[in-house]
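The structure that follows is given in the form of structure tokens.
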Amino acid sequence: MVSGDLEQFIRDLPKAELHVHIEGTLEPELLCEIAGRNRIPLRFRTVKELHKAYQFHNLQSFLDIYYEGTRALLSEQDFFDLTWAYLERAAQQNVRHAEIFFDPQAHTDRGVPFDAVITGIHRALEDVLPVFGLSSRLIMCFLRHLSADAAMRTLDDSLPFKDWIVAVGLDSSELGHAPEKFVEVFARAKEEGYLTVAHAGEEGPPDYIRQALDLLNVSRIDHGVRCLDDSTLVQRLARERIPLTVCPLSNVKLCVFKSLEDHNLKKLLDLGLCVTVNSDDPAYFGGYITENLLASQQALGLTRHDIYTLARNAFEASFLSAGEKARYIGELDRFMQAHPG
Ligand code: HPA
Ligand code: ZN
């Protein structure tokens, strides 16, 4: 059990979230509402049926349902509403800064204009700052099960909106789609001024993490939990302070770990890696960032200091400027002083 004090501490802690797919925040209620107004038939007719369908045995079984959900999204307003709903939840959990993935190819391949997707998301991010004081950045992911040429065309589509996007990433089906497939795309993205991140070592081997670092020049690894299979790699991640955006509830839902008690988050922390906790696809995996922290604390016996380290790592690993990072870490440190353990 989380003691009451520690639970409240986790709820109130100033947080940064670095790994959340905006399409994965589409709650069943909003999915039904948007599908209804767009007259998109869903295989599942009620919110209850949707919840029941959210049983996954690996990444692919989840992605099949996730892409089905994205089919409801058509207009700029849909993307605005989706993003706003996430930001409201995030603000309630005292997320002070969010770096959000979007999957343009999941939409442009259905005929939705790139412009509608990014403008809807961007408008919500802009509007939220004065309302909740929550800062944000946008990361455009390429779907790795599609071709490198398709990723390159998506990169071209993004260029008119370059100022709204901080980085590019790589997601979708990992096994069989090694980072090396995207070397040219990521090199070109860097030339255009984007930072880079990649999902690696979620289901894939440690070598995919190494490829992401050496071939795609990523600043962070998304997931990365399979690094523990390779001690040389772990030493490098620690030495170079490469952040890992770990998503505990996601990993259990997708059977990367049998249970949260078996998760290696605490081990990674104790090895001194720059680990962060994130929600990935919270509408599908049973919780936002606070629920991820609460459940991990309970299952792994995380200490108050561990929770602080996770929060601090996230601000440090963000794509904010040095000044902005210092401001948020100052806020976090004042929070710690005001809530002595
Ligand atoms: N892994 C890979 N691709 C994804 C995920 C994930 O957890 N969520 C959305 N796209
Ligand atoms: Zn992810």
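Indexing begins at 1, ligand by ligand and atom by atom, following the structure's order.
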For the residue pair Asp171 and His21, confirm or rule out a side-chain donor-acceptor distance under 3.5 Å.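 Checked: Asp171/His21 side chains pair up, N/O donor to acceptor below 3.5 Å.
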Quick one: sort the Tyr67 and His145 rings into parallel, tilted or perpendicular, breaks at 30° and 60°.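 Aromatic pair Tyr67/His145 classed tilted.
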Heavy atom of Phe62, distance to ligand 1 below 4.0 Å: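 True for this residue.
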Backbone, side chain, both or neither: what part of Glu23 comes under 4.0 angstrom of ligand 1, heavy atoms only?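 For Glu23, there is no contact with ligand 1 at all, from either part.
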From the candidates Asp280, Thr70, Leu254, the one that places a heavy atom nearest atom 7 (O) of ligand 1: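 Nearest heavy atom to atom 7 (O) of ligand 1 lies in Asp280.
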Tell me the ring pair (Phe, Tyr, Trp, His ring centres under 6.0 Å) pairs involving residues 259-278, sequence neighbours left out?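 Sorted result for residues 259-278: Phe257-His263.
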Could you list the donor-acceptor pairs under 3.5 angstrom formed by side chains in residues 127-140, with sequence neighbours left out?
{"unit_1": "Ser135", "atom_1": "OG", "unit_2": "Arg96", "atom_2": "O", "d": "3.4"}
{"unit_1": "Ser135", "atom_1": "OG", "unit_2": "His97", "atom_2": "ND1", "d": "2.7"}
{"unit_1": "Ser135", "atom_1": "OG", "unit_2": "Tyr328", "atom_2": "OH", "d": "2.7"}

2.8 Å cut-off (strict), protein N, O or S atoms about the Zn ion (ligand 2):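 That number is 4, waters not included.
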Thr309 and Asp306: CA distance, side-chain angles, deciding distance, side-chain hydrogen bond (donor to acceptor under 3.5 Å, both in side chains) verdict: CA-CA 5 Å; Thr309 304; Asp306 289 333; 5.4 Å; no
Between the main-chain N or O of Leu143 and the side-chain N or O of Gln105, is there a donor-acceptor pair closer than 3.5 Å?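 Present.
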Closer than 4.0 angstrom: is that true for some heavy atom of Asp222 and an atom of ligand 1?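 In this structure, Asp222 fails to qualify as a contact of ligand 1 - no heavy atom is under 4.0 Å.
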Would a line drawn from the ring center of Phe335 to the ring center of Phe9 be shorter than 6.0 Å?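 Close enough - the centres of the two rings lie under 6.0 Å apart.
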For ligand 1, is any non-hydrogen atom under 4.0 Å from Tyr66's backbone (N, CA, C, O), its side chain (CB onward), both, or neither?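 Near ligand 1, Tyr66 shows its side chain, while the N, CA, C and O stay back.
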Heavy-atom closest contact (Gly224 atom, Ile221 atom, distance):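 Of all heavy-atom pairs spanning Gly224 and Ile221, the closest is CA-CG2, 3.6 Å.
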Atoms in ligand 1 with a heavy atom of His223 nearer than 4.0 Å: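 Matching atoms, with element in brackets: 7 (O).
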Distance from atom 1 (N) of ligand 1 to nearest protein heavy atom, with residue and atom: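 Closest protein heavy atom to atom 1 (N) of ligand 1: Glu202 OE1, 2.9 Å.
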How far is atom 3 (N) of ligand 1 from the closest protein heavy atom, and which atom is that?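 Ranked first by proximity to atom 3 (N) of ligand 1 is Ser172 N, 2.8 Å.
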Which residues end up grouped with Leu249 if you chain together Ile, Leu, Val, Met, Phe, Trp and Tyr wherever their side-chain heavy atoms are less than 4.5 Å apart?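 Hydrophobic cluster check, Leu249: joined to Val252, Leu260.
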Do Phe161 and His122 have their ring centres less than 6.0 Å from each other?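 No.
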Do Asp281 and ligand 1 have an N or O pair less than 3.5 Å apart?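 Looking only at distances, the answer is yes, because the N/O contact criterion of under 3.5 Å is met.
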